[in-house]
Structures are given as C-alpha cells and as structure tokens.
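In what follows, chains are A, B, ... by sequence order, proteins preceding strands, each numbered from 1.
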2 protein chains.
Amino acid sequence: MSTNDLRVVKTKQALHNALLTLLSEKPLENITIAEICRVAKVNRGTFYLHYEQKEGLFEEYFQEIMEDLNNSYEEPYRAVTTLDKNQIDPNTIRIFHHIERFKLFYRIVFSKNVPLTYYYMLFDGIFALLKRDITIHNKVHDEISIEYYSAYQANAIIGLIIQWYRQDFEDSVSTLNKQLASILRIGE
Amino acid sequence: MSTNDLRVVKTKQALHNALLTLLSEKPLENITIAEICRVAKVNRGTFYLHYEQKEGLFEEYFQEIMEDLNNSYEEPYRAVTTLDKNQIDPNTIRIFHHIERFKLFYRIVFSKNVPLTYYYMLFDGIFALLKRDITIHNKVHDEISIEYYSAYQANAIIGLIIQWYRQDFEDSVSTLNKQLASILRIGE
DNA sequence: TATTTTAATGAACACATGTTCAATATCTAA
DNA sequence: TTAGATATTGAACATGTGTTCATTAAAATA
C-alpha cells in the first residue's frame, strides 16, 4: 500500500475532508465510520485498508498539530524548566499560544468520551521538549530521574491546560503564562 | 427506577460480577455490552435502562476506588503542596500507595483506548485533596489562582504516575515518594 | 501505448448497538 | 396476603462494525 500511489492519496484526502466536514456538525464520538465513508464516497472496506478506527484518521491531523508545537519551540527559546527560576520569561512560553491556535482541536482532545491516545500524544510532545531542555541545561540533581522529572513538569503544564479548557479557554494566553511563571517562582 | 428495589440491586450486582469476570480475561475495550449481558443473564434492554455505555458500569467501581483515595488522605496527613518544602515527609504521601493497591484498575484507567473520563475522575480526586490542603494552609501568593495551582500540582503527580505506569509499575512506592520529594525540594 | 501491478469496489456475512413495546415477573406498600 | 406499581423480558428493527473475496478500475512501469 504505497503512500505515493495517487489512489491512496486521493482516498485519504477524501476521508480527511469528510471528517472535517462532519466535525463541524457534531463531536467525534457521534461520527461513525460508515458516515465518514458515505460523505467521502469511499467504500467502507477501503477505510479499513488504511485505518482501524476513526480515531486513526483523527490522529493524522494531530501529527501535523504536534509539528506546530515543535516548531513553536524552535530557537530562540528559553525553557520553563530551567532550575534557575529567575530566567523565566513568560513570553518565552509558547505552549499556551499553540493550544489557543488549535483550540478547536483541543476541545476534542480534552473531551471526556475521547480515548486517552490524544492525551498521550500531547503529553509525549511536551515531555520530549522539556526533556530535551532539561538534558541540555542538565541541572537536575542526581537523585532525580530525568524521566520522572520531565513527566512531572510536562503533565503539570497540561494540568493548567485542563483547567483552562474547563473554563472553555476564556482566560488569555498571557494569563496562563503569568500563572505558570508565578507557580514556578514559588519556593525561590 | 428506585435504587432500593431488590430487582435493581440484583441486576446491577449481576452486571458488576459479569464485568469483573470478563475483565480478568480481556481488556475493557474488547468487552461488549452484549457479552456482559450474556454472562450476567440480564436482558440487553435492561442494561440500557441503567447505563448508557459499558464505561458507565466501570465508573461505578471507580467511585469506590476514589473513596479509598479519599480515606487514605484522612488525618493525620501532611500535604505535599505545602509551600514550605521542608515539611515534606515522603511517608506522608499516600497517593502512590493507593495507586499500587489498585494497580489492576489503574492499568485500565491509563490504557490508551479508554475514554478520558477515568483520567478526569482521578484528576478530580487528587485536585480536590490538594485544593482542600492548599486552602487550609492558604499560603499561595495572591497572584496565583488556587484553581490553576491545584490543577498544576494534581496533574504533575499524575505525570509521575503515568511514567510509573509506562514501566508497568516496576518501581517501588518509596521510589516514587522519593522522586516526588526530591522534585519538590528543587528550587529551595 | 501496452502491460503489469495493486488499490478500490460491492456484496455478503456474523455480530454489536441502541431503541421500542407489549407481555410478564417481581417487588413494595396497604 | 393481596393489589398495585414497576423493573425485566423477549422480540423486532434499523443501523454500525469488522471481515472476506472475487471483480473492477486506476495507477506505475517498461
């Protein structure tokens, strides 16, 4: 099933468009595979040739969004996890911008009937960024596992995002940045 | 649909037992409602009278487990979020004990094809505990929202648990406690 | 362009979902 | 204990799921 084959490209594009169309009408959980295929005018068997669940289709979008997250972290940036808290500049924290930019997607990602997969994709994305940073600055005390520490910090940030999501992203990005900066400053 | 009615009690009990039986054989995602009903010898229509999805049935177990979490936090305890980090005693951190006690359940809760609902139940449980504690000690700086701060701390702990889960809970409870204590000591 | 390769199709299958409704069995309260 | 209330049942229905297989159509390549 070569990804370059025009037939494959065409089929996937049709399925992507169909999913997007349906997502503007109703939540992912209420969309069926049969429905997507009807809209895309693609045989249902063909769907299963490429994906196992509708979630797999959704994941392809997510990949692109995760790339945006990574790009938004390209240099120049200064990390939020630097142990020297004085270095923190709220404006350098780009994660919240990213979330806001794709809040239509993140409303789906954080909705309660959706599988944990997407959560883990976000977690892994942030985890990798923080871990890279922690490793670069490598100031963590010996007795702390970098893995645990990264998981701790990454998920803490997602905790803020959950709280933000639950108020339907009403607070501004800069409010979130300030909250994070203030929290990290505690204990100085 | 009175909860006291013996018929209701009996039906729910049968469904609970059936779910438990099936869970010992295969993951929740591979268990169907029809299957649960067959094992429980309960009409499928009756299932829908009480629950919408098999997840609703699972949630009832979760409630009990959340009670254990709350109980494990009864006094005497000293909180992990006290801003004066010197007060932290790893032995007072009971969350990891709780997770380990119910690791059979938490393996399900953290599996990637399960809905986010369970994650939120755990999050809300820890969130409430930490918020109560933060409010009692109420040492958070003015500019920090207690909601955001609690969400941050609660999810950070779950971050450790995710990392723990991903290594199939191989580390000991005391390792987790020490990691948390060390992380909290950073920045002192 | 002609030939080969292979993705997509349509039909069919067994089974699951979610819902309805009249008939029945079981419980509660008098 | 009986009468009334109601939870449960079984049957049926339209639709979705996941899979199979021979056929067809569209792409790659030579």
Taking atom [atom2] of [N] as reference, at what distance in whole Å does atom [atom1] of [X] sit?
X	N	atom1	atom2	result
B:N4	C:dC27	CG	C1'	12 Å
B:I31	C:dA16	CD1	P	13 Å
A:K10	C:dT6	NZ	P	19 Å
A:L15	C:dA8	CG	C1'	12 Å
B:L49	C:dA25	CG	C1'	15 Å
B:K41	C:dA25	NZ	C1'	18 Å
B:L6	C:dT26	CG	C1'	9 Å
A:F47	D:dG16	CZ	P	14 Å

What is the nucleic acid contact for B:N43, judged by heavy atoms within less than 4.0 Å: base, sugar-phosphate only, or nothing? base
Would you mind classifying the nucleic acid contact of B:K12 as base, sugar-phosphate or nothing, using non-hydrogen atoms under 4.0 angstrom? nothing
Is there a side-chain polar atom (N or O) of [X] under 4.0 Å from OP1 or OP2 of [N]?
X	N	answer
B:T46	D:dA7	no
B:R38	C:dA16	yes
A:H50	C:dA7	no

With ring-ring contact (aromatic ring centres under 6.0 Å, His included) as the test, pick out the partner of A:Y119 among B:Y119, B:F110, B:Y118. B:Y119
Starting at CE of B:M121, measure out to CE of B:M66 and round the result to the nearest 0.5 Å. 7.0 Å
Calculate, to the nearest 0.5 Å, the distance between atoms CZ and CG belonging to A:R94 and A:N177 respectively. 10.0 Å
Nearest nucleotide by nearest heavy atom, which residue falls closer to the 5' end of DNA chain C, B:D5 or B:E35? B:E35
Between [options], which one does the side chain of [X] approach most closely?
X	options	result
B:R7	D:dT9, D:dG16, D:dA5	D:dA5
A:A34	D:dT17, C:dG18, C:dA7	D:dT17
B:Y48	C:dT19, C:dC27, D:dA27	C:dT19
B:I33	C:dT28, C:dT17, C:dA7	C:dT17

Is the B:F123-B:F127 ring centre distance short of 6.0 angstrom? yes
Ring centroid separation for A:F47 and A:Y51, is it under 6.0 angstrom? yes
Any donor-acceptor pair, under 3.5 Å, between the side chain of A:R44 and the base of D:dG18, if you only look at N and O atoms? yes
